[in-house]
Amino acid sequence: MKPWICLDTAQMPDGGGELRLMRRDVEFSIMAGSIELMNSRLSGSEEALATLAWDRLAGRAAPRVLIGGLGMGFTLRAALAVLPTDAQVSVAELVPEVVAWARGPLSEVFQGCLDDPRVNIHTGDVGPLIDAAPAAWDAILLDVDNGPEGLTRRANDGLYDLPGLARARAALRPGGVLAVWSSAPDEGFTRRMKRTGLATEVVKVPARKGGRGARHVIWLGVRG
């Protein structure tokens, strides 16, 4: 088996540590220390984050969608595949190098999706975009960490605690959807989502296309 090669590194803000972009043959990985945050062979659950949210929006016209976390672009590409031509998709990515990787060494994975006219890239925290205006978004899709516990950056906890979830709910239009990705279940987070008044579902989805192997978790909360 060919060895992994480090293509580039990036520092996360607030002392969050180092990200490493790795490649082995045609496979890419983004690592934080010894933890693999994403892999180009495992796109199923990230794609489901977008498609499951859109399924619950009843095909509304001119939707505005906010994606927290660019990653390898799987959620963005899946959203663009199902959203109408009049959609607006804003993507917040905290680490500037990740955006640069999307246009550089990961360009074959992204397949030009950043150039879609529906897409706007915001280099920075997703929090201020959530807080900017009430009832601004039809869907908010969060995949900024390995789950609600803020594994890679403690500041991410502010998105997943009760006040953060209340702000996300306020940022949704009526009938809008908050979708949150996680590598593992979290009953406490399920309870917090329900306490905010979101009609909450917990869906386990395959990490890999085809349904085999590990399963990840997606929370879907609809604002009534």
Side-chain angles (χ1 to χ4, degrees), residues 21 26-30 37-126 129-130 132-133 135-145 159 168 171-173 175-182 203 205-211 216-223:
L21 176 61
V26 297
E27 179 183 3
F28 293 92
S29 174
I30 295 179
L37 301 180
M38 59 204 74
N39 185 291
S40 59
R41 297 173 58 200
L42 303 175
S43 62
S45 59
E46 287 87 351
E47 293 171 0
L49 182 66
T51 56
L52 290 173
W54 180 242
D55 286 345
R56 285 149 182 80
L57 287 174
R60 63 178 66 187
R64 297 189 71 229
V65 176
L66 174 61
I67 299 176
L70 177 61
M72 291 188 177
F74 296 125
T75 298
L76 174 59
R77 284 176 53 195
L80 294 175
V82 296
L83 290 171
T85 56
D86 58 1
Q88 298 178 47
V89 184
S90 295
V91 183
E93 172 51 54
L94 188 67
V95 182
E97 289 85 350
V98 172
V99 180
W101 295 343
R103 297 190 181 278
L106 289 176
S107 59
E108 62 193 81
V109 177
F110 276 81
Q111 299 179 10
C113 67
L114 298 191
D115 299 321
D116 189 297
R118 295 171 289 178
V119 175
N120 175 61
I121 301 295
H122 169 79
T123 304
D125 200 322
V126 69
L129 297 184
I130 292 174
W137 306 100
D138 295 287
I140 299 173
L141 316 179
L142 295 180
D143 183 8
V144 300
D145 213 314
L159 296 172
L172 290 171
R173 294 171 175 170
V177 180
L178 171 65
V180 180
W181 181 95
S182 177
V203 183
V205 296
R208 188 189 303 269
K209 289 181 179 180
H216 294 156
V217 178
I218 293 174
W219 287 271
L220 298 154
V222 178
R223 178 177 180 175

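Not a single donor-acceptor pair under 3.5 Å links the side chain of S45 to the backbone N or O of A207.
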Return all side-chain donor-acceptor pairs below 3.5 angstrom for residues 95-103, not counting sequence neighbours, or 'none' if the list is empty.
from	atom 1	to	atom 2	distance (Å)
W101	NE1	D8	OD2	2.9
R103	NH1	D115	OD1	3.1

Derivation of the side chain to side chain contact (heavy atoms under 4.5 Å, CB included) call for R173 and R223: CA-CA 7 Å; R173 294 171 175 170; R223 178 177 180 175; over 6 Å; no
Side chain to side chain contact (heavy atoms under 4.5 Å, CB included) evaluation trace for V205 with L52: CA-CA 10 Å; V205 296; L52 290 173; 4.0 Å; yes
Working for side chain to side chain contact (heavy atoms under 4.5 Å, CB included), residues I218 and V180: CA-CA 5 Å; I218 293 174; V180 180; over 6 Å; no
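Atom CE of residue M38 and atom CG of residue L70 lie 8.5 Å apart, to the nearest 0.5 angstrom. Separating the CD1 atom in I130 from the CG atom in L159 is a distance of 5.5 Å, to the nearest 0.5 Å. Atom CE of M72 is separated from atom CG of L37 by 9.0 Å, given to the nearest 0.5 angstrom.
E108 places a side-chain heavy atom less than 4.5 Å from the side chain of F28. Side-chain contact between E27 and N39: present, with at least one pair of heavy atoms (C-beta onward) separated by less than 4.5 Å. Considering only heavy atoms from C-beta on, P63 comes within 4.5 Å of P84 through its side chain. Inter-residue side-chain proximity for L106 and L21 is flagged as met; some heavy-atom pair is nearer than 4.5 Å. By the 4.5 Å heavy-atom criterion applied to side chains, V203 and L220 are counted as neighbours. F74 places a side-chain heavy atom less than 4.5 Å from the side chain of V109. Residues D138 and L172 fail the side-chain proximity criterion, which asks for heavy atoms closer than 4.5 Å. Between L114 and L76 the shortest side-chain heavy-atom distance falls below 4.5 Å.
When the salt bridge (charged side-chain N to carboxylate O under 4.0 Å, His left out) test is applied to D116, the partners found at least two apart in sequence or on another chain are R118. Under the side-chain hydrogen bond (donor to acceptor under 3.5 Å, both in side chains) criterion, W54 pairs with no residue, sequence neighbours left out. Listed by chain and number, the residues in a side chain to side chain contact (heavy atoms under 4.5 Å, CB included) with S90 are L66, N120, W137 (sequence neighbours excluded).
Considering all non-hydrogen atoms of both residues, L129 and A92 come closest at CD1-CB, 4.0 Å. The two atoms that bring G175 and V222 nearest to each other are O-CG1, 3.8 Å, heavy atoms only. In terms of heavy-atom proximity, D125 sits nearest to L94 at N-CD1, 3.7 Å. Nearest heavy-atom pair across V26 and S40 is O-OG, 4.1 Å.
For residues 84-96, the set of pairs meeting the salt bridge (Lys or Arg N to Asp or Glu O under 4.0 Å) definition, not counting sequence neighbours, is empty. Judged as a side chain to side chain donor-acceptor pair (under 3.5 Å), the pairs with a partner in residues 63-82 (not counting sequence neighbours) are, in order, R77-Q111.
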